[in-house]
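Please read the structure below before turning to the comments.
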Amino acid sequence: MDYLQQLNESQRAAVENTEGPVMVIAGAGSGKTRVLTYRIAHLLNKGVDPFNILSLTFTNKAAQEMKERIGKIVGLANSRNIWMGTFHSIFSRILRSEAEKIGYPQNFTIYDTQDAKNLIKTILKEMGLDDKIYKPNLVLNRISSAKNNLLTAKAYIANTTIQSEDRQAAKPRIGEVYEIYEKRCFKAGAMDFDDLLFKTNVLLRDHPDVLHKYQHRFKYILVDEYQDTNFSQYIIVKKLAAAFQNVCVVGDDAQSIYAFRGANIQNILNFKTDYPEAKTFKLEENYRSTQNIVKAANSIIKHNTEQIEKNVFTSNKEGNKIKIHQAATDNEEGKIVANLIYDTQFSQQARPKDFAILYRTNAQSRSMEEALRRKNIPYKIHGGKSFYQRKEIKDLISYFRIIINPQDEEALKRIINYPARGIGKTTIDKLMIAANNHQKSLWEIVTHINKVDVGINAGTQNKIKGFSDLIKSFSLQIDSKNAFDLASDIASTSGILKDLYSDKTPEGISRYENIQELLNGLKEFTETDNEEEEDVTPRGLVEFLQDVALLTNADNEKEEDRDKVTLMTIHSAKGLEFPYVHIVGMEENLFPSQMSLTSRADLEEERRLFYVALTRAEKEIHLSFATSRYRFGTMMFCEPSQFIDEIDESFIEFTFNKSSTPSPAQLANFDEPYSAQNSYGNRNTSYKKKSTMPSKKNPPPKVIQTTPKNLTKISAASTPPNQESANDLKLEKGMMVNHQKFGNGIIENIENGKASINFQNIGNKQLLLKFAKLSIVK
DNA sequence: GTATTATCTAAGTCT
DNA sequence: TAGATAATAC
């Protein structure tokens with residue numbers, strides 16, 4: 001079999017040892033994906049039924065790509081039936097078919113983080129808890145990590161350690177919130193992301209017949225990125241693999257970067273203990289990067305304590321040193337990066353797709369974006385707010401959700417008054433109270449509004465009736481119409497399209513276009529055959545909705561996006577590779593994140609994250625930092641990251657001179673062209689972190705304020721207000737004025753401090769001059 | 001109940 | 001800075 005010839009010794013061993021537990025420790029760039037694909041191809045070639053293979057990947061995109069690659073080796077007919085996908089998508093599928101066993105409807109809703117947070121807020125309000133103390137995010141995180149450790153609300157409340165933690169944090173009632181949250185989700189027929197794993201565990205625990213069925217279905221189990229699995233995932237794998245023990249886990253402890261999500265690095269460190277028979281294979285040869293990059297990355301990771309011993313090496317050529325760039329501001333950093341990319345495109349005949357800009361936080365994308373746009377360099381931003389999380393998209397999808405699962409309370413609350421139909425907050429509160437009092441779902445109250453006395457007047461009752469009739473009329477068409485036809489019908493009949501169409505602001509137009517795009521996507525979905533099933537029944541909304549909550553932007557990359565510079569967080573860059581990598585924002589408190597500085601474990605995770613970033617690169621790495629940047633709406637001074645110091649200095653090269661570091665006073669002119677500082681060659685190896693950098697220790701003259709988090713704020717000299725409250729302006733009839741949101745308009749009349757303005761885009765508006773932020777155009 | 005504007009507050013990573 | 005929420009006028 002010639003594919004085996006393409007593997008080195010350890011890769012080949014990892015592919016051929018198909019029976020029994022196997023752990024593959026795969027250093028960065030060591031051909032891990034190749035091993036996984038070939039291992040599966042090998043299984044199929046040996047005659048294993050694709051239906052007996054379960055392959056768990058970290059993203060859906062990775063699954064899709066791997067399936068394609070396997071298909072090329074063994075044929076599509078064979079590869080398409082493998083169970084391959086993320087934990088969440090595979091087990092949500094299984095949960096759907098077994099739902100009734102654990103008391104859930106087959107069409108259960110998947111609550112995304114936003115839904116979950118809204119529900120938490122509702123519960124906090126009902127319990128009379130202050131959401132400034134019980135911060136919804138924090139409460140949700142506590143619940144989430146409890147679930148990932150398989151703790152029910154009861155167990156949470158009974159757990160003395162957790163209780164004392166919560167008491168210490170002055171939030172003793174989180175357990176109660178969890179209990180109610182759990183009940184409300186169940187009542188709504190909804191599962192959040194963590195439930196998809198949690199409930200799978202419940203299913204496998206309480207139904208031995210089901211466990212048996214899947215144990216025998218999945219005779220071969222492969223888990224990618226095993227270092228990033230949490231306890232809940234770990235137990236699922238362990239249970240499913242118990243019958244045959246043909247479990248192959250692949251990972252790299254040095255790349256474990258999801259502890260915040262409950263990932264437990266011990267899972268990989270303890271594999272040997274769980275399966276004493278396990279064979280371990282180490283893939284240590286890096287085929288991706290230059291000597292310099294591999295060695296620099298090794299020099300970073302050795303600052304961490306606990307890890308599996310391995311020696312990552314490469315026989316690639318030495319390559320360039322890692323270049324380190326200094327910028328005065330975040331905007332200038334963007335310019336430096338954009339210029340470097342621009343130049344490299346020509347000097348190395350590189351394509352835009354050869355470049356990646358990686359950052360720690362999504363917020364950093366803005367300055368990069370702007371600089372790239374100025375230079376006309378095509379780019380794509382990965383991550384940030386997903387398309388499916390946009391308000392308008394969630395609104396329309398909430399209609400789909402409520403039609404398919406009327407118990408879905410979060411969806412119902414979202415749309416009962418959108419578009420506005422006269423059912424306001426007071427009414428919704430009354431409905432909610434009635435639902436709680438009668439132990440009924442919100443939908444039951446809504447549909448029986450005439451029969452329950454909830455203190456709502458006849459007019460409003462009628463409006464509610466109109467709404468529920470509307471939803472019911474959609475529900476009736478669920479089986480007869482395909483996804484696209486029904487969705488279009490909903491979009492127009494509900495009034496969403498009209499509402500968005502009437503908004504001619506740029507944001508409004510983009511919202512309208514987003515809806516159109518969703519509809520286009522649905523059309524495509526409707527017309528594509530369902531590859532999982534033999535019969536080609538038209539695909540309806542039910543099918544569409546099944547995994548829409550699990551989709552991310554990465555899952556619908558467009559053709560035209562292929563040759564563009566990639567902007568993404570380091571987390572989402574995991575598993576990817578690029579010839580040229582720019583890691584930006586190499587600053588203390590940003591990377592490593594200020595939140596990680598309190599514990600050694602967190603700092604080590606940041607360091608592994610840096611390791612992941614470095615090892616994405618094939619040819620060149622550029623690190624950059626700014627000495628000041630906008631954060632929290634104000635300019636703040638920054639120091640270079642400690643991680644820069646941690647790289648063995650023989651692998652790095654500074655592109656700036658310490659003495660040319662701008663003094664704080666010069667920062668006033670920081671938007672000057674930076675080219676003078678950007679020349680290579682004036683290397684300064686004796687760079688010391690705490691040199692003349694502005695810092696909390698030698699505060700610059702412009703500092704006015706210090707935040708508790710050691711971040712130094714700079715006065716907002718660079719942000720002149722460009723618009724002021726109109727009472728300071730001499731406005732007259734006939735003037736053209738500009739409003740931030742409404743654009744330009746002509747003042748038609750002014751009286752009693754009120755102006756009637758005819759805006760070019762949206763028509764006439766009455767604005768109170770006391771508040772309206774207007775500027776005079778002419 | 002709705003629309004508009006003021007005010008607050010949070011920006012960590014992802015399924 | 002931007003999104004969510006509160007306050008206010010009508």
Side-chain angles (χ1 to χ4, degrees), chain A residues 57-60 85-92 110-114 116-118 121 131-132 135-137 141 144 148 191-197 225 228-230 232-233 257-263 330 358-367 382-386 388-389 391 417 419-428 457 459-460 463 507 547 549-555 568-574 585 589-596 602 605-606 608-609 612-613 629-635 709 711 716 719 725 739-742 754 765-768 770-773:
Chain A
T57 58
F58 203 70
T59 62
N60 287 313
T86 61
F87 272 89
H88 290 87
S89 67
I90 294 280
F91 294 111
S92 73
I110 300 173
Y111 274 176
D112 66 16
T113 313
Q114 207 185 336
K117 207 153 86 185
N118 286 340
K121 281 186 195 163
D131 65 0
K132 295 211 171 59
K135 294 197 170 152
N137 256 331
N141 279 339
S144 166
N148 286 328
M191 298 193 199
D192 64 20
F193 288 139
D194 304 314
D195 280 333
L196 296 176
L197 307 173
E225 308 284 7
D228 284 326
T229 51
N230 59 35
S232 185
Q233 293 167 320
I257 52 173
Y258 279 94
F260 73 91
R261 205 168 87 184
D330 46 352
L358 307 180
Y359 35 76
R360 180 64 179 78
T361 69
N362 278 305
Q364 289 166 256
S365 67
R366 228 201 58 231
S367 53
H382 182 285
K385 196 172 214 176
S386 148
Y388 298 99
Q389 281 161 2
K391 181 189 176 303
N417 195 35
R421 45 175 75 87
I423 306 169
K425 197 173 163 303
T426 334
T427 307
I428 295 171
N457 66 41
T460 310
K463 290 174 187 162
E507 298 82 24
D547 45 21
L550 301 175
L551 290 180
T552 59
N553 282 339
D555 296 321
M568 54 168 54
T569 61
I570 302 167
H571 280 91
S572 38
K574 190 171 76 161
N589 293 322
L590 183 58
F591 190 25
S593 150
Q594 63 206 3
M595 278 132 155
S596 71
D602 284 355
E605 176 148 318
E606 294 284 307
R608 290 192 296 270
L609 192 57
V612 168
R629 90 167 47 237
Y630 264 108
R631 294 185 78 187
F632 310 101
T634 35
M635 182 67 79
K709 283 173 186 162
L711 292 173
T719 52
S725 177
H739 184 277
Q740 219 169 3
K741 197 171 157 198
F742 304 138
K754 222 165 45 176
K765 287 263 167 206
Q766 307 288 321
L767 297 179
L768 281 176
K770 202 162 75 172
F771 302 120
K773 283 181 179 155

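Within every chain, numbering begins at 1; the chains are lettered A, B, ... in the order of the sequence lines, protein sequences first and strands thereafter. Side-chain atoms are counted along with the backbone in the values below, which use heavy atoms only and exclude waters and symmetry mates. On a predicted model such as this, the values are computed, not experimentally measured, just so you know.
- Minimum interatomic distance between L550(A) and F193(A) (heavy atoms only, all atoms of both residues): CD2-CE2, 3.6 Å.
- When the P atom of dT15(B) is taken as reference, atom CG of D228(A) falls 12 Å away, rounded to whole Å.
- Atoms NZ (K425(A)) and P (dT2(B)) sit 13 Å apart, rounded to a whole Å.
- Residue-level contact check: K391(A) touches neither bases nor backbone, having no heavy atom under 4.0 Å from any strand.
- Atom P of nucleotide dC14(B) and atom NZ of K574(A) are separated by 11 Å, given to the nearest angstrom.
- Regarding I570(A), its CD1 atom lies at a distance of 14 Å from the C1' atom of dC14(B), rounded to whole Å.
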Using the 3.5 Å cut-off, write out each protein N or O paired with an N or O of nucleotides 2-5 of chain C and the distance between them.
{"from": "dT5(C)", "atom 1": "OP1", "to": "K121(A)", "atom 2": "NZ", "distance (Å)": "2.9"}

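- In this structure, the side-chain contact (heavy atoms from CB on, under 4.5 Å) partners of T569(A), at least two apart in sequence or on a different chain, are Y359(A), N362(A), H571(A), S572(A).
- Residues forming a side-chain contact (heavy atoms from CB on, under 4.5 Å) with K135(A) (at least two apart in sequence, or on another chain): L138(A).
- Here the C1' atom of nucleotide dT15(B) and the CG atom of D195(A) are 13 Å apart, to the nearest Å.
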Under 3.5 Å, which protein N or O atoms sit close to an N or O of nucleotides 11-13 of chain B? Give each pair with its distance.
{"from": "dA11(B)", "atom 1": "N6", "to": "F632(A)", "atom 2": "O", "distance (Å)": "3.2"}
{"from": "dG12(B)", "atom 1": "N2", "to": "R360(A)", "atom 2": "NH2", "distance (Å)": "2.2"}
{"from": "dG12(B)", "atom 1": "N2", "to": "E606(A)", "atom 2": "OE2", "distance (Å)": "2.9"}
{"from": "dG12(B)", "atom 1": "N3", "to": "R360(A)", "atom 2": "NH2", "distance (Å)": "3.0"}
{"from": "dT13(B)", "atom 1": "OP1", "to": "N362(A)", "atom 2": "N", "distance (Å)": "2.8"}
{"from": "dT13(B)", "atom 1": "OP1", "to": "N362(A)", "atom 2": "ND2", "distance (Å)": "3.1"}
{"from": "dT13(B)", "atom 1": "O4'", "to": "R360(A)", "atom 2": "NH1", "distance (Å)": "3.3"}
{"from": "dT13(B)", "atom 1": "O2", "to": "R360(A)", "atom 2": "NH2", "distance (Å)": "3.3"}
{"from": "dT13(B)", "atom 1": "O2", "to": "H571(A)", "atom 2": "NE2", "distance (Å)": "3.3"}

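- Each of N417(A) and N141(A) has a nearest nucleotide on DNA chain B; the 5'-most of these lies closest to N417(A).
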Assess whether side chain to side chain contact (heavy atoms under 4.5 Å, CB included) is satisfied between I110(A) and H88(A), documenting all intermediate values.
CA-CA 11 Å; I110(A) 300 173; H88(A) 290 87; over 6 Å; no
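- When the C1' atom of dT15(B) is taken as reference, atom CZ of R261(A) falls 5 Å away, rounded to whole Å.
- Nearest heavy-atom pair across R360(A) and Q364(A) is N-OE1, 3.3 Å.
- Remark: C1' of dG1(B) and NZ of K463(A) are 7 Å apart, rounded to the nearest angstrom.
- Minimum heavy-atom separation, E606(A) to S596(A): CG-OG, 3.3 Å.
- Checked by atom type and distance alone, the side chain of Q233(A) never pairs as donor or acceptor with a backbone atom of F87(A) at under 3.5 Å.
- Checking dT2(B), dA10(B), dT15(B) against every side-chain atom of A420(A), the shortest atom distance belongs to dT2(B).
- Of the C1' atoms belonging to dG12(B) and dT5(C), the separation is 23 Å, rounded to the nearest Å.
- With sequence neighbours excluded, the residues forming a side-chain contact (heavy atoms from CB on, under 4.5 Å) with N417(A) are A420(A), R421(A), I423(A), listed by chain and number.
- Partners of K117(A) by side-chain contact (heavy atoms from CB on, under 4.5 Å), not counting sequence neighbours, listed by chain and number: P136(A), N137(A), L140(A).
- Counting non-hydrogen atoms under 4.0 angstrom, T427(A) reaches the backbone sugars and phosphates but no base.
- The same atom, C1', is picked in dT13(B) and in dA4(C); the two are 22 Å apart, to the nearest Å.
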